[in-house]
Amino acid sequence: MTNPPPTTSTRPQPPAGETYVWVTGMGLTIGLVMILFLLGLILRNGIGVFWPRRVAEVTFREERDTRFREGLRTLGVILLEQDRDIRDLTPEQIESPDPADRREKQLFIGNRDVYGQSFAFFNAGNIAAIDYPDNVIRAERLEWGDALLFPVRLHSRDGVEILADDPAFDGTLNRLVREVGDRRREINRIERFAIGRINLQMRDLELRERFFARQDALTPEQEAEYATVRQRMAELQAEYDPLAAQAGVLRARQMEYTLDYRVISGEARSMPVGHIVHYYYPNRLNTPARVRLMAHHIWDFLSGYPREANTEGGIFPAIFGTFVMTLIMSIAVMPFGVMAAIYLREYARQGSLVRAVRIAINNLAGVPSIVFGIFGLGFFVYLVGGTIDNLFFPQALPTPTFGTGGIMWASLTLALMTVPVVIVATEEALAAVSRGVREGSLACGASKWQTIQRLVLPASAPGILTGLVLAMARGAGEVAPLMLVGVVALAPNLPIDSMFPFIHLERKFMHMGFHIYDLGFQSPDSEAAKPMVFATTLVLILLVVVLNLLAIMVRNHLRKKYAADTF
Amino acid sequence: MPPTHSRSVQGETRDMTTPPTSAIEAQRRPKVEPRSEKSKPTGNPEHIRIADYSFYYGMSQALHTIDLAIPERQATALIGPSGCGKSTLLRNINRMNDLIDGIRHEGDITIAGESIYDPFLEVISLRKRIGMVFQKSNPFPKTIYENIVYSLRVAGRNKKSELDETVETSLKAAALWEEVKDRLNQSAFSLSGGQMQRLCIARAIANRPEILLMDEPCSALDPIATGKIEDLIHELKREYTIIIVTHNMQQAARVSDRTAFLYMGKLIEYDETEKIFMDPADPQTEAYVSGRFG
Ligand SMILES: Nc1ncnc2c1ncn2[C@@H]1O[C@H](COP(=O)(O)OP(=O)(O)OP(=O)(O)O)[C@@H](O)[C@H]1O
Ligand SMILES: [Mg+2]
């Protein structure tokens, strides 16, 4: 070994190898920038949905021929300002010295029942003035989306009347809206749970009754059962009637008060206070109030049920469905993946066959997910589900019970899809358990299985959990296969509720991934659905992050418990 | 008497002829000196009998017709240059090599007259009678307590009082009790290297085996920890038949009663330790123990 003679030249040497630092770093940078951009976009738009923005009154320039429904003014939330598409510009606009002529503003104008649309674009150059009227109300309604309105008066069926400039007006409206909200929850409780429970029992009894009615002759025992069935049905009917009546009374009270109001284009309208979900004066709020309102909106979104073809209301059923599905999937995928990996790594003779199996498993991870969906439909839904129906639920046929898409089949399909991930991760974790520990255990007189069970599995638990995290992340974000095996845009019931047997694995369910697709691409007014798409995406990402964090926390806890693997 | 070669063998720097360098060394030394145990009445002189034993890894032969008898309750050292088959021989006594594919053997090994290859003998029950300490300490990723009771638990013995007692006696036997008695529920990885190795020894003797196999138990330890383990071996051989593989001539001389010298898979010489070190019959042995080769 001889060192090169010291160079006397002052010319700097090319930095050998350094270029690759830049090349590799650039790869990372590009990836990071794209991810951050995507996350930033979703975060901004997703959070922005909930921020109670001010409502602007836009006045158009008189000399320009811009009108909003005959009027010179419009009311709306200014969402964005952008350059107009050059193809939409007239020659004068292109020539115009005022750049505002080549820009446009998008407004959320609400009042879909009046205007037929919720969003509108206006030429920025045509706008003369923007101000923020103090008395405008933004009201979230049961139908037709939000209304932007100027209140006129409140009046009840029994002739009570309060004008909008009455100092008691705000307090009364506030109280009424709270009351109708409570009543709405009460109606929901009665109809969804109490009446739902009766309906469910009724359905079973009807099936029995139909069976007896079809028989030509009944044995005395059957005769007796038939009688009890009919008697039970009568009892249930008797239970049902007062509940239905109670719900009817509550519903009628929802209509007691009416709010008369005016929209910016001049039309006088009215609606029952019972239709208002929530309202506020967007131009009267200070920042803390806005923040509080935003928290309120976020909570409503997370905990509420969807309304109006999912474009309004909350996404609770979708969150819940996604969560339950991911959970069932994890429960299904863990034992299978881990068992398979243990066999492959610990018991199977390492040879070309095992190598081939391993390659096949890796390839399985690359199969398009829709293929798993089709397999799930054919195998789980039709074959397994159909067989279960024939064996256990023949009285319900031809209405399928398990022989149709449901949360269990969806979870199992995803479990099948993600099992390679778990197998690969588990195998790696098992292989990382040192030979020394295994031999030490055998030398202590442990059998192979005892060694696996007492030492190898606990030591590889963190690695196995990493695999599960990956599987969950993949499963929770998957949509395509679910559409075939049980996801629906609107499910009447949650897969877990207070009705016996509490966990309804055969039910169809909602899923956030599918919700996003449905909102973004299947709804009639995609512009109206856009905020919901962003917000739902944000929640889905957060859910995946939360699931991952949970698993990582468990993993770190285990790691600490079994201390450093290196020593 | 231990040999008084002043040459250091195989990189080992501790030398019995140089004056003690530390107080601990000075304390320890007198305990090593006496060979009183040797004069005690010995047990079965053929506790382990390795009879014309050959062993193959696939095609390559690692052991060539080894024949040796290991006496009960004595320490027998296996020495020889790297790759000569010491570990292979040791690992065959508890059939640890069964895990390797494509192995084959000829001849037989018997323990107290029973063949370890007896088809009616379960390998697990064989291993329960034999404790093993590995070259690289291999504590389980569990607490100190659970490490010790592992062999009892896998045998289905879960009685708390028995486990507690085992932990105490084993750790005391391994001279570790005083250091860890207050932290039995801490991870075994919180111990130092030497403590870990003593923990492994405690684990190996926890379920009172007859035989203790030690494969270079001190190779990764400093002189003080080594000294402790050597003292331990002196204690343990009152009760256990010990076979120890070592590269350290002084260590072999200090702890063992008999020494076997292996070379290229063959048993070259097997005799009283003193004889091997002071007056070897074979010139190869002479060369090896005096450090002239390997
Ligand atoms: N698993 C194995 N497969 C194939 N050959 C092996 C295996 N283990 C050991 N050998 C070979 O058997 C011979 C003896 O190895 P062994 O480990 O018994 O040597 P050793 O005397 O313990 O050496 P060292 O002092 O370095 O530990 C060596 O030639 C080695 O290469
Ligand atoms: Mg060795």
Side-chain angles (χ1 to χ4, degrees), chain A residues 338 342-355 358 426 428-466 554-567, chain B residues 87 90-91 93-102 122-143 146-157 186-193 196 199-200 203-207 209 211-215 220:
Chain A
V338 172
I342 289 178
Y343 182 80
L344 272 180
R345 174 63 57 182
E346 303 286 329
Y347 286 108
R349 220 189 138 86
Q350 304 297 314
S352 49
L353 183 66
V354 165
R355 249 200 315 279
R358 227 172 250 141
T426 307
E428 265 166 29
L430 294 177
V433 176
S434 74
R435 206 188 146 94
V437 167
R438 290 163 194 269
E439 287 188 344
S441 167
L442 293 174
C444 281
S447 67
K448 183 148 193 172
W449 173 244
Q450 283 174 323
T451 305
I452 292 173
Q453 182 202 357
R454 286 165 189 263
L455 291 173
V456 177
L457 274 184
S460 45
I464 296 174
L465 276 174
T466 309
V554 174
R555 185 179 67 189
N556 288 351
H557 174 77
L558 288 176
R559 277 229 181 102
K560 219 174 291 152
K561 196 161 152 206
Y562 298 116
D565 355 52
T566 51
F567 60 90
Chain B
S87 298
L90 197 72
R91 290 165 54 85
I93 295 173
N94 68 347
R95 292 183 57 182
M96 208 44 128
N97 273 339
D98 284 14
L99 304 176
I100 296 164
D101 283 338
E122 253 193 295
V123 66
I124 289 176
S125 62
L126 171 74
R127 290 190 189 136
K128 282 184 178 144
R129 292 164 59 195
I130 304 176
M132 187 163 194
V133 179
F134 296 79
Q135 173 172 3
K136 200 174 163 224
S137 69
N138 55 352
F140 301 145
K142 290 173 173 284
T143 61
E146 285 300 322
N147 261 276
I148 306 286
V149 301
Y150 186 81
S151 55
L152 276 71
R153 285 207 195 275
V154 296
R157 283 147 65 188
Q186 282 181 21
S187 164
F189 293 126
S190 66
L191 299 174
S192 74
M196 279 193 208
L199 179 72
C200 291
R203 186 178 73 194
I205 59 178
N207 99 32
I211 298 164
L212 195 54
L213 308 177
M214 303 174 120
D215 194 348

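It should be emphasised that the depicted structure is a prediction, and the values quoted were computed from it without experimental measurement. Naming convention: chains lettered A, B, ... in sequence-line order (proteins, then strands); numbering from 1 in each chain.
Atom CE of B:Met132 and atom SG of A:Cys444 lie 11.5 Å apart (nearest 0.5 Å). Expressed to the nearest 0.5 Å, how far CD of A:Glu439 lies from CG of B:Asn94 amounts to 9.0 Å. Between the OH atom of B:Tyr150 and the CD atom of A:Gln450 there is a distance of 6.5 Å, given to the nearest 0.5 Å.
Residues A:Gln350 and B:Asp101 have side chains not in contact (no heavy-atom distance under 4.5 Å, counting atoms from C-beta outward).
Interface remark: B:Leu213 contributes no atoms to any contact with chain A (heavy atom separation under 4.5 Å). The part of B:Ile130 that comes within reach of chain A is its backbone (N, CA, C, O), which places non-hydrogen atoms under 4.5 angstrom from that chain. For A:Ser441, the parts lying under 4.5 angstrom from a heavy atom of chain B are both the backbone and the side chain.
The shortest non-hydrogen separation linking A:Arg435 to B:Arg91 is NH2-NH2, 3.9 Å. Between B:Pro139 and A:Val437, the shortest heavy-atom contact is O-CG2, 3.9 Å. Across every non-hydrogen atom of B:Val154 and A:Ala446, the tightest pair is CG1-CB, 3.8 Å.
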Go through A:Arg438 and B:Asn138 one step at a time and tell me if the side-chain contact (heavy atoms from CB on, under 4.5 Å) criterion holds. CA-CA 9 Å; A:Arg438 290 163 194 269; B:Asn138 55 352; over 6 Å; no
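Contact count against chain B (heavy-atom pairs under 4.5 Å) is highest for A:Leu455 among A:Leu442, A:Leu455, A:Thr451, A:Val433.
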